[in-house]
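Below, chain A is the first sequence line, B the second, and so on; all start at residue 1.
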2 protein chains.
Amino acid sequence: MISKRDQILDIAERGYRQGGFAGLSFRDIAAALDMKSASVHYHFPHKEDLGKAVVERYTDNLLDNLGAPDAADDSVKIRLARLVEAYRAAYAEGESSCLCAVLGSVSPQLPPAVQEAVNSYFTRLVTWTETALAEAPPSTNLNAAHIISALQGAMILSVAMGDARYLDEVAEDLTKKSGV
Amino acid sequence: MISKRDQILDIAERGYRQGGFAGLSFRDIAAALDMKSASVHYHFPHKEDLGKAVVERYTDNLLDNLGAPDAADDSVKIRLARLVEAYRAAYAEGESSCLCAVLGSVSPQLPPAVQEAVNSYFTRLVTWTETALAEAPPSTNLNAAHIISALQGAMILSVAMGDARYLDEVAEDLTKKSGV
DNA sequence: TGATACCTACCTATCGATAGGTAATTAATA
DNA sequence: TATTAATTACCTATCGATAGGTAGGTATCA
């Protein structure tokens, strides 16, 4: 049985990804869970608290899925394939953008705690990717910022165009290049 | 002398880029121009009208700056450098994301006319880039969707991290690869 | 005189947030 | 073990602020 707190986080994550931080209200969440907005405030007093919790859970889940970036029995290619697949799976849930692309694109306008959580998402993800690429030969024409940027941008293109092919194309391109 | 209509578009473009479509109100715009919100409605009756006009002007300005994608006296490298520079310049204005990354990431939640305008931005930009790359030798490991995605994503990373180096790094990477 | 570009004044809907209360569960104590 | 104290998870009702939008008036100028 999923706790009410987790149900709120689920709704909020979906809502933020689809409509941005300003696009989802306490009342929207309450209505989706058949409760009152005051009860959502019981679990998360301020909107900033909710946003921070959503982003932190989202970050932890992604890094869990990615696994260790330096496991001895994985090749660079396999690690990169896991990263690409994580983004394709994220898009597939409701054909929506990455939470941290939506929030990060308007970062200066977010409450400080949410800003910091988004910053931490990218910091951790860049670190993971740099580590995953560490053993790649110099001929591999890939760097962490480029890979993450391309995936984030491709998700937005696919959402804006209503067409998964943009993400598919970039995903294939990145995977191909990682073959070395 | 800049018309009031254009002044409104200027404020709205900056505001949407910094805070998203829901993050800028008619009152915000009016306050910035020392007028009343009802007067903004005189120029743009509905928020949808304003959003559409902002995106269309933004798109036209970008394509004007890029110039012809098939001018005989330009190399692929020069064309791509123009594209990359356009994005760097856009970021430099207020260290903010691309308007159509901010809006496109939450496209399904936007009013239909704004959705269509954003869709048109990406359609026209992809077409421009494909044409610009048409003469590139097959060894050039670049395709239009990949280039645009990487630039869009890199802007978001830079905004979210408050650090221009992410965009700089990706820009250099793309420019280098276009050298052939 | 009629169009243009504003204004005042207002409406309805919704926002995040708070106060104060209640039933059910759990922990601590006599 | 029975009673009491706290805690959990909600509720109703309301707050001040703000959202997009409108009706109708006014000053300016061709």
Residue whose closest nucleotide on DNA chain C lies nearer the 5' end, A:F26 versus B:S39: B:S39
Sugar-phosphate only, base, or nothing, as touched by B:K36 at under 4.0 Å among non-hydrogen atoms: base
Shortest non-hydrogen separation from B:G20 to B:V102 and the atoms involved: CA-CG1, 3.6 Å
Neighbour count >12 (heavy atoms, 6.0 Å) for atom CZ, A:R124: yes
Pair listing, salt bridge (Lys or Arg N to Asp or Glu O under 4.0 Å) test, anchored in residues 89-116 of chain B, at least two apart: B:R17-B:E93
Atom CZ of B:R82: over 12 foreign heavy atoms under 6.0 Å: yes
B:K47, NZ: over 12 other non-hydrogen atoms inside 6.0 angstrom: yes
ILVMFWY cluster, B:Y42 and B:F44 together (side-chain gap under 4.5 Å): no
Toward the 5' end of DNA chain D, by each residue's nearest nucleotide, A:D34 or A:Y42: A:Y42
First and last nucleotide of DNA chain D, 5' to 3', lying under 4.0 Å from heavy atoms of chain B: D:dA19 to D:dT22
Sugar-phosphate, base or nothing in reach of B:S25, heavy atoms under 4.0 Å: sugar-phosphate
Sugar-phosphate only, base, or nothing, as touched by A:L24 at under 4.0 Å among non-hydrogen atoms: sugar-phosphate
